Amino acid sequence: MRGPVLTTHDLSKTYGTRSAVKHLNLEVVGGEILGFLGPNGAGKTTTIRMALGLIRPTSGWVEVLGRDVAHHGAKVLPRVGAMVESPALYSYMSGRDNLRAFASVLGGVARTRLDEVLELVDLTGRQRDRVGSYSMGMKQRLGVATALLHDPDLLMLDEPANGLDPAGIVEMRDLLRRLAGQGKTVFISSHVLGEVQQICDRVAIINHGELIRLAAVSDLLDTSGEFVVRLENATVALALVSQQPWGNKARIDDGALITASPSGRGRDLVRFLAQAGHWPDSVAPRQQNLEEIFLSLTEPEN
Amino acid sequence: MSAIERERVSPARELKPRFFGAVRGEILKLSRMRGTWVMVGLAVLLFLVVLGAFASEPNARASLHDNPHAWLVLRLNVFTTIFDAGAGIFLLIAAARLVAMEYSAGTIRVLLGRGTGRLQLLSAKLLTLALAGLALLLVYALAATVYVYATVVGWEGSFSPVANQSSAWHDLGLNVVLALISIGINILLGTTAAVVGRSLAFGLGAALAFFPADNFGTIIMSLLNRLTNQHIWNDATAYLLGPNLNALQPLLLPGQRAAFAEPLVKVDATHTLMVIGIYATVFLVASMVLTARRDVLQ
């Protein structure tokens, strides 16, 4: 499926006078892994809840698999696997019985499928134990197994790496990649930006309920517009560059001069420095990581 | 995932929430609750205590021989009262837990998030609880029947002294109706308390406090009536649920007694049934409207 799988149309949600989500227009394309980023209270979970029909939008609407969720939820939501916030499970029941209880609602799940998803999340050995005795990571994995039960076309996971140890995070990353490889669409909200950077095709950044950036990860990482310049007397060069209107954010990092260019092109920066007698040893475009971009977009002064 | 693996799940387009699938899920959840079986165990224990009390009753055998109708009516009265109270507590707790735990555990998100209708889920829970109530009634009635049959045949040599008591058997039918009313109202009360509070603690607390509160309320009303000399306090007890439920048994079955508080003014069976019906309707409508309309924020 390559068309839009999840689309929000001018979606808004207001609680009293507080706007949790404001006129959000977002499109998740089939087969991609889209990361949904934002600080706490940005509106991520509210958006996911509206997409799952758990809360009603104040205005706007959500289209999942080509249909309005508010009116056709019973038709499209069975094709969505979701884990919202923490994994929601019956702690007094075994892991396997949890899956049985959720599977029975939609039916059509063979016993062998339960075995498959338990194996997929590495819980086969603990499937008969009460969920109350599970670690946070095991609960997280069982939550993912629940979402995968019906082999959904769209997987929506809210903070899937929560509570996982480093090995678990790697496994989760591999699992999500495998699922995307099978043509499934994955929509994940996460705070682990390193993970998002590694597995997502695109990211949507939301802050104060508004979408502030939607771009391919590769595009986002290439758009810092800064250069890493290695040269002698970096401090003297910094003083010179800082006086320029385009260089007011220049700084020294790890002995290198980090600065923008007069025109945005590297050769004009080299020319400027050379004319001032500062011949660079090397000039390279600076790649920001997602964390820096995220912080620069969501920090209050921005 | 291989093609073979994919075949183990119904093709996605065929998936849709199924009411009886939801009922199966609810039965699984109820049957896996340790509290369910603890309460069943306690019910069995209580039943055995009652049988022990009957067995130790002086002149019980002579009573059966001399007046089999009175002997049978006494037992029906006790069995019905015990069932109404015991099954009532069981269903209040079961209903509150079955509904409220979805909110407390957040599993309501998973269930609704895969397309299950809110009212469909509520109906599945109500049906499951009704089936549990009917199963309790059936097993209880069977056990009581076995006790009565074995006792009568053992003491009298045949079942005919009791079998000929046609009015007692008519009363038995009314006792079953009373038990069904009790089952229904307890399920609705427990469900409504859980839906309103959307938490296990509130649901259980409110459901279990309701009947003691309105039974005790009758005493308070009586005191207020005496203190203020205003009859309105006594009149108000005619509209309390618990006292009306308690009054129904002696009203429908003359000769039987209410085990708990009754309204402080004279009421007839029609009034009592009307009050119970209105409470049941309010509980049902409130739980449906709140379930359907409120955002799921858990």
Side-chain angles (χ1 to χ4, degrees), chain A residues 13 15 46 48-56 65 69 72-94 97-98 100-113 115-116 120 130 143 146-147 149-153 156 178-179 182 184, chain B residues 1-37 97-98 101-121 124 128 200 292-298:
Chain A
K13 179 69 183 179
Y15 294 106
T46 303
I48 292 175
R49 284 175 187 274
M50 284 191 279
L52 292 171
L54 298 176
I55 57 180
R56 291 178 180 78
L65 298 160
V69 167
H72 302 284
K75 288 201 173 91
V76 294
L77 289 177
R79 295 167 63 188
V80 178
M83 189 174 76
V84 186
E85 293 179 293
S86 54
L89 302 161
Y90 304 103
S91 58
Y92 67 93
M93 283 172 28
S94 70
D97 279 344
N98 265 271
R100 283 177 62 200
F102 290 125
S104 64
V105 176
L106 295 183
V109 177
R111 205 170 282 180
T112 50
R113 178 63 182 167
D115 297 331
E116 279 170 23
L120 198 66
R130 283 176 68 238
T146 303
L149 257 183
H150 289 90
D151 192 22
D153 295 324
M156 298 177 79
R178 276 208 308 278
L179 292 169
Q182 290 164 8
K184 300 199 186 306
Chain B
M1 189 180 290
S2 70
I4 294 171
E5 284 172 333
R6 287 186 70 90
E7 278 171 11
R8 288 176 188 156
V9 181
S10 297
R13 64 185 171 279
E14 289 177 10
L15 289 174
K16 64 176 180 183
R18 298 168 188 197
F19 177 70
F20 287 105
V23 173
R24 252 201 328 275
E26 296 306 319
I27 291 172
L28 177 69
K29 289 175 213 170
L30 189 62
S31 68
R32 291 291 189 267
M33 284 178 186
R34 195 179 297 166
T36 302
W37 299 108
R97 287 194 71 185
L98 201 61
M101 73 170 177
E102 306 288 6
Y103 293 100
S104 291
T107 41
I108 188 86
R109 300 193 301 254
V110 183
L111 295 168
L112 301 186
R114 53 188 52 200
T116 312
R118 292 160 187 242
L119 294 181
Q120 188 183 37
L121 184 62
T128 302
L200 199 53
R293 297 196 62 84
R294 288 198 294 192
D295 284 344
V296 176
L297 300 172
Q298 280 68 26

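A, B, ... follow the sequence lines: proteins, then strands. Residue 1 opens every chain. This is a predicted model, so every value here is computed, not measured.
Of the possible polar contacts, none joining the B:Arg109 side chain to the B:Tyr103 backbone as a donor-acceptor pair under 3.5 Å is found. One N or O on the side chain of B:Thr116 and one on the backbone of B:Leu111 form a donor-acceptor pair closer than 3.5 Å.
Shown here are the side-chain hydrogen bond (donor to acceptor under 3.5 Å, both in side chains) partners of B:Arg97, two or more places apart in sequence or in another chain: there are none. B:Lys29 meets the salt bridge (charged side-chain N to carboxylate O under 4.0 Å, His left out) test with B:Glu26, B:Glu102; sequence neighbours excluded.
Only the side chain of B:Arg118 comes within less than 4.5 Å of a heavy atom of chain A; its backbone N, CA, C and O stay farther away. In this structure, chain B has no heavy atom under 4.5 Å from any part of A:Ala82. Neither the backbone nor the side chain of A:Ser94 comes within contact range of chain B; no heavy atoms are under 4.5 Å apart. Using a 4.5 Å cut-off between heavy atoms, A:Ala51 does not touch chain B at all.
Ion pairing between a basic and an acidic side chain is recognised when a charged N comes within 4.0 Å of a carboxylate O; A:Lys13 and B:Asp295 show such pairing.
Counting heavy-atom pairs under 4.5 Å between each of B:Gly113, B:Gly25, B:Ala124, B:Gly117 and chain A puts B:Gly113 at the top. Options A:Met93, A:Met83, A:Arg111 differ in how many heavy-atom pairs under 4.5 Å they form with chain B, and the most are formed by A:Met93.
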